Asks: 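Sharing a structure below in structure tokens format, with a few things to ask.
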Amino acid sequence: MLPPLTARAPPEGPRRGAFLWRELLLEFGPDLSRTGVRVFRAPAGPAAAGSGRPTQAKEFSPPRVRAGGASKMALFQVAAPDGAVEVDWEGGEAPRAADLFRLAGIPQKGPGRPVAARLAGKLADLSVPVPQDGPVAPVTRDDPEALALLRHSTAHLMAEAVVRLFPEAKVAIGPSVEDGFYYDFDIGRPFAEDDLERISEVMRGIIGEAQPFERSEMGAGEALERFRAKGEVYKAEIIEDLAAAGETRVSLYRCGDFVDLCRGPHVPDSSWGSAFKLLSVAGAYWRGDEKRPMLQRIYGTAFFTPKDLKAHLDFLAEARRRDHRRLGKDLDLFSVHEEIGGGLVVWHPKGALLRTLLEEFERREHLRRGYDVVMGPQLLRSDLWGKSGHLDYYRENMYFTEIDGLSYAIKPMNCLAHMFVYRSKVRSFRDLPVRLFELGTVMRHEKSGVLHGLTRVRQFTQDDAHIFCTPAQVKDEILGVLSFVRDMMAAFDFDFELELSTRPEKSIGTDADWELATGALTAALEALGRPYEINAGDGAFYGPKIDVKLKDALNRRWQCATVQCDFTLPERFDLTFVDTDNVRRRPVMLHRTLFGSLERFIGVLVEHFAGDFPLWLAPVQATVVTVTGRADEAAVSYAAALRKRGVRAECDLRNEKLGYKIRESELAKIPYVLVMGDKEAEKGTASVRSRRGGQAGELDPEGFLALVGSALECPSWDWPSGTGRAGRPPAPRRGPARSRKPPERVPAADFRRNPSKREVQVSTERGRNPTPKGSTSTRWSGRPRWGWSARTAALSGSSLRGRRWPWPGPRNWTWWRWPPRPIRRSAASWTSAATSTCRARSSPNPAASPRPWRSRRSSSGPRRRTTTTRPSSRRSWSSWPKRTRSRWPWPSAAGR
């Protein structure tokens, strides 16, 4: 029978029926003889999807053509963008998702066209038959999972192109990853750079053909024989594993002549993958096993639009510019040598100094927050690691040796030694919390394929700390750790996100302990008030944890800091404390890191700052370069004077051109370059050039120290965060920003407030404001009067909150801001604002004031150009702007 209604938007009026019938004929053609569709629009909203057929739906009955044979009616629910749509499908076969979306009025062109379907919460192809027992929803390019689906489909297109160019190639696996996709091939030789361009050209041809992705299923045994006959040994191994796991049927996807073993789903056809780019080639062991064959891996990326692809390629170019491996070599920070071993870092003088500065900064802040510094051995007996559970869950990441017939293990973490420090004496509840901190070097066995510069190494140093506390103290201690993390990350301009990782499949401890630990972390996160995500099943084997994900300058996430709550290890190592009732109880153990691995954090820090570190962290803070050899001796003396005052300075006395030396210093990311010629050598000064601020004048060593100020020192806070403090801390003191002018060129200013007289005094230098000399003092009492601005009140320190509206004009005047905001100005600007706002007649020419106020001369002391002013309480009606008079919100007489 023929469908009575289509989901397209028809015109109203007499042409409505003809429009609907013509649209159905264009859509389905001869298929209308056996298929009937009735569409009803339900109200938008979550409750409308299962509310049944709406009562206000309009039905239309065009002429019908009867089809032979019996048919069944089925009702399908489609989640359309403007609301739920119910489709009655009449026919012997289940409809495809693409048919339902087309009939439901979902756009078939443009950004809103479906990429795939979502059935019962799972992604499926548009060509899959839709069961009647659940709703079906379209997946568009805005869906978070759509991009991964597109990239996986593009990986299949790349595999098809490789097989066309290299018929002897054997394909392995090709999943989508976070930023793109890859596919592994075995072709007997590495891919060359020109191979990538050839593969890309073939892929563009496949994309132009718009080949559909066709899904089929067959038995596991049949598929195994098929791939074995083709020589695809890697696909055959995958099928064997699936069969061993109980899978009896597998799915295959065909795109053109290429058939691949794949779970799916995919985009409708190959034309979707037009915005792609093949990026690089690397070697990878089959299934990550060093004993298996080495395969060739091609990395690529894909997006829905060329604009998004270009933005991503620009991002990758910036990431390459900031790559810490390249910058580490250019800045002479560190190196890694295969002769020494993969994953083992050699620190050069500048890199070792950078690391030392971080370590000293961390030790100082830990001591301020009540931590005790401890040190543990590198080797511990293996039976201790068995007792803690590391041998059962961490053995593959540990190194072992034998001494005197006993097995020892190099520590992969520092917790065991800290527990023995705690257990060395009887602890009382008065002693808790006990906070133990160690910069401990650990070793972990990492596979060669995952080693990456400083971010993935085999030997690294952890800023590890363990806090032993009572159950009642857990929440405050976790909040204290998170506040500590916040303070430290603010010192390096890092933002961060929080993630709660829960119990994994392999773990130790009872269910009750895990519930207590997870509840403690959750309560601390709720009290902190920051949003967080839950990462199910990713906790440590001994307890749940809070992971802190740093966001660098490129908005990339890096795992560094962590807090883990452990109820299990204190039980295994018999840790106790004497409680208030003289009964021994178990403490709670918190495992905690701030930077995590120092190596990893330095790698992130180099990329975050692009090698341009803050002044206090720069390995070389200043370099003295000479114009000629006659100034060498003076340059050495100048640099020695700076080093004596704590500045990390060096000399560049090479017989090179001045421009070349300055360029070298710029490439080395040195904050200040001090140029010394014959003239400067005679006076004992140097021409200071800031890397960010440009020329800063000619200064001696004392002047240079005044210029940089406290920026040479590590960041510090007026108070430590303390335990349980959830408020935002004061900003760290970093010293003045780099300026093009020395500090002595800026007029000095002294701000003093006298609360008893409600007075502000601004003392200025001669010639920097309308007052030739002396000071300008403004005084008032009582509540604000007419003519007073919020700037004047803010300068006085008086509060305007909670006061009635005494102002004669509307609230939307440009000079009025509610509530008053702090104004950040230079000293000269504040002085000018103070004198101009109060209309002080301190100018030699009284006529210079545009609207003079009544004033009186100071009665005490000799005559001077210092005037105390009071604003007038009344102003004439004609003095107000014309537009203000038309909107006069007359206040009360008392207010006026």
Side-chain angles (χ1 to χ4, degrees), residues 361-374 414-415 418-419 421-422 427-439 462-492 494-501 516-532 540 543-550 560-567 569-570 575 577 587-596 601 714-732:
F361 174 48
E362 235 189 337
R363 285 194 184 97
R364 186 196 70 184
E365 293 302 319
H366 277 85
L367 292 175
R368 292 182 64 198
R369 287 166 170 80
Y371 286 81
D372 296 319
V373 179
V374 297
N414 304 289
C415 50
H418 293 194
M419 285 189 288
V421 173
Y422 178 87
R427 306 283 180 172
S428 169
F429 70 93
R430 296 185 180 88
D431 301 327
L432 302 184
V434 174
R435 307 184 185 101
L436 304 178
F437 167 70
E438 178 183 5
L439 284 168
Q462 280 187 318
D463 57 342
D464 216 350
H466 294 88
I467 302 174
F468 304 89
C469 59
T470 66
Q473 296 170 337
V474 170
K475 179 180 176 181
D476 286 342
E477 289 300 315
I478 296 174
L479 286 175
V481 170
L482 295 178
S483 299
F484 198 177
V485 171
R486 177 196 58 203
D487 294 353
M488 298 294 280
M489 295 306 107
F492 302 98
F494 278 121
D495 195 5
F496 62 89
E497 297 175 348
L498 300 176
E499 189 176 82
L500 176 62
S501 300
L516 289 174
T518 306
L521 294 178
T522 304
L525 288 172
E526 295 294 339
L528 188 65
R530 289 181 65 105
Y532 65 93
K545 61 179 180 177
I546 297 174
D547 289 328
V548 180
K549 302 293 184 67
L550 302 186
C560 289
T562 184
V563 187
Q564 303 168 358
C565 188
D566 184 4
F567 283 79
L569 290 185
L575 305 184
F577 71 96
V588 181
M589 185 177 180
L590 299 179
H591 307 250
R592 186 239 67 183
T593 61
L594 295 181
F595 296 159
F601 185 78
C714 295
S716 60
W717 294 267
D718 294 334
W719 44 265
S721 295
T723 57
R725 183 152 186 162
R728 187 170 183 82

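Just so it is clear, the model here is predicted, and its values are computed rather than measured.
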Asks: Of the non-hydrogen atoms in L479 and A524, which two are nearest, and what is the gap between them?
Replies: CD2-O, 3.3 Å
Asks: List the residues meeting ring-ring contact (aromatic ring centres under 6.0 Å, His included) with F577, not counting sequence neighbours, and say none if there are none.
Replies: none
Asks: So if I apply the side chain to side chain contact (heavy atoms under 4.5 Å, CB included) rule between H466 and each of Q564, E438, H418, which one comes out positive?
Replies: H418
Asks: Once rounded to the nearest 0.5 Å, what's the spacing between atom CG of N414 and atom CG of L436?
Replies: 11.0 Å
Asks: Donor-acceptor check, side chain of D463 to backbone of F595, threshold 3.5 angstrom: yes or no?
Replies: yes
Asks: Is it the case that the side chain of R427 and the backbone of L432 share a donor-acceptor pair, with hydrogens and angles ignored and the cut-off at 3.5 Å?
Replies: no
Asks: If you draw the axis of the six-membered ring of F484, does the NZ or CZ of R369 fall within 45° of it and under 6.0 Å from the ring centre?
Replies: yes
Asks: Locate the shortest heavy-atom distance separating V588 from T470; write the atom from each residue and the value.
Replies: CG2-C, 4.4 Å
Asks: Work out which heavy atom in L550 is nearest to a heavy atom in M489; give both atom names and the distance.
Replies: CD2-SD, 3.2 Å
Asks: Identify the heavy atoms of C560 and T593 that sit nearest to each other, and give their distance.
Replies: O-OG1, 3.6 Å
Asks: Mind checking whether V421 and V434 have side chains closer than 4.5 Å, heavy atoms only?
Replies: no
Asks: Do the side chain of D431 and the main chain of S428 share a donor and acceptor less than 3.5 angstrom apart?
Replies: yes
Asks: Going through the distances and angles, do T562 and D547 end up as a side-chain hydrogen bond (donor to acceptor under 3.5 Å, both in side chains)?
Replies: CA-CA 5 Å; T562 184; D547 289 328; 3.2 Å; yes
Asks: Does F494 form a side-chain contact (heavy atoms from CB on, under 4.5 Å) with M488? I'd like the steps, not just the answer.
Replies: CA-CA 9 Å; F494 278 121; M488 298 294 280; over 6 Å; no
Asks: So do the side chains of E477 and F468 get within less than 4.5 Å of each other, counting heavy atoms only?
Replies: no
Asks: What's the spacing between T522 OG1 and I478 CD1 if we round to 0.5 Å?
Replies: 9.0 Å
Asks: Looking only at heavy atoms, which two atoms of C565 and A520 are closest? And how far apart?
Replies: SG-CB, 4.5 Å
Asks: Got a sec, which residues hit ring-ring contact (aromatic ring centres under 6.0 Å, His included) with Y371, two or more places apart in sequence or on another chain?
Replies: H366
Asks: What closest approach, in Å, do R364 and C714 show between heavy atoms, and which atom pair accounts for it?
Replies: NH1-CB, 3.6 Å
Asks: Between OH of Y532 and CG of L525, what distance do you get to the nearest 0.5 Å?
Replies: 5.5 Å
Asks: In Å, rounded to the nearest 0.5 Å, how long is the span from CZ of R592 to CG of D464?
Replies: 7.5 Å
Asks: To the nearest 0.5 Å, what is the distance between CE on M419 and CG on L569?
Replies: 4.5 Å
Asks: Is there a side-chain contact between L528 and R530, using heavy atoms and a 4.5 Å cut-off?
Replies: yes
